[in-house]
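In what follows, a structure is listed as structure tokens, so that the remarks can point back to it.
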Amino acid sequence: MADKIGINNLDSEGLKYNFAAGAASSVLSGEDGIIKEQDRLLPIANVGRIMKQILPPNAKISKEAKETMQECVSEFISFVTGEASDKCHKEKRKTVNGDDVCWALATLGFDNYAEQLKRYLHRYREQEGERVSQNRAIERSDSSLATRPF
């Protein structure tokens, strides 16, 4: 965003973002903690595609609007993930899961989103369970066919 141009910022984890360098020239360096802009931001084409789905068919979106939204959604993801990660760290876990993300959303005041995400997560887990059951049934039938004499 315009207010960050030319500034080296540190995020809450102490990682340095070099906004002045630009996407083409920013470099990831393990020692100084600089993260490439393309690794920090969601792809702008994806952001634009999501924005376009909401708008009327003849609506246009400026480059500035896409870049602003790109920055916002990337920051939002980092914000929520950081909260979920802190919870995992306190619980001495290394893996952030969907429940942690729901908890983080609620903790940060996004209760409506947390509830919607919990419902989605429940449906996703049900479908995954069904898929796994179907795959196991197929594997069992395949193995029983393989052991039958012809």
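Not a single side chain to side chain donor-acceptor pair (under 3.5 Å) links Asp111 to another residue, sequence neighbours left out. Among residues two or more places apart in sequence or in another chain, the side chain to side chain donor-acceptor pair (under 3.5 Å) test is passed with Lys66 by none. By the side chain to side chain donor-acceptor pair (under 3.5 Å) test, Arg131 is found to be paired with Glu128, residues two or more places apart in sequence or in another chain being considered. Looking at residues two or more places apart in sequence or on another chain, you find a ring pair (Phe, Tyr, Trp, His ring centres under 6.0 Å) between Phe76 and Phe110. In terms of the side-chain contact (heavy atoms from CB on, under 4.5 Å) criterion, Gln134 has no residue partners (sequence neighbours excluded).
Connectivity analysis of hydrophobic side chains (ILVMFWY, heavy atoms under 4.5 Å, direct or indirect) links Met69 to Leu42, Val47, Met51, Leu55, Ile61, Val73, Ile77. If you chain together ILVMFWY residues whose side-chain heavy atoms come under 4.5 Å of each other, Ile44 ends up in a group of its own.
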Do any side-chain atoms of residues 113-122 form donor-acceptor pairs under 3.5 angstrom with protein atoms, and if so which ones, sequence neighbours left out?
unit_1 : atom_1 : unit_2 : atom_2 : d
Glu115 : OE2    : Lys118 : NZ     : 3.4
His122 : NE2    : Glu126 : OE2    : 2.9

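Annotation: side-chain hydrogen bond (donor to acceptor under 3.5 Å, both in side chains) contacts involving residues 41-62, sequence neighbours excluded, comprise Asn46-Arg49. Applying the ring-ring contact (aromatic ring centres under 6.0 Å, His included) rule to pairs touching residues 37-73 yields nothing, sequence neighbours excluded. Residue pairs satisfying the side-chain hydrogen bond (donor to acceptor under 3.5 Å, both in side chains) criterion with at least one member in residues 93-108, sequence neighbours excluded, are listed as follows: Lys87-Asp100, Glu91-Arg93, Arg93-Asp100, Asp99-Arg125.
In terms of heavy atoms, Ala104 sits closest to Ala84 at CB-N, 3.7 Å.
The pair Glu75-Arg40 does not meet the salt-bridge criterion, since no charged nitrogen lies less than 4.0 angstrom from a carboxylate oxygen.
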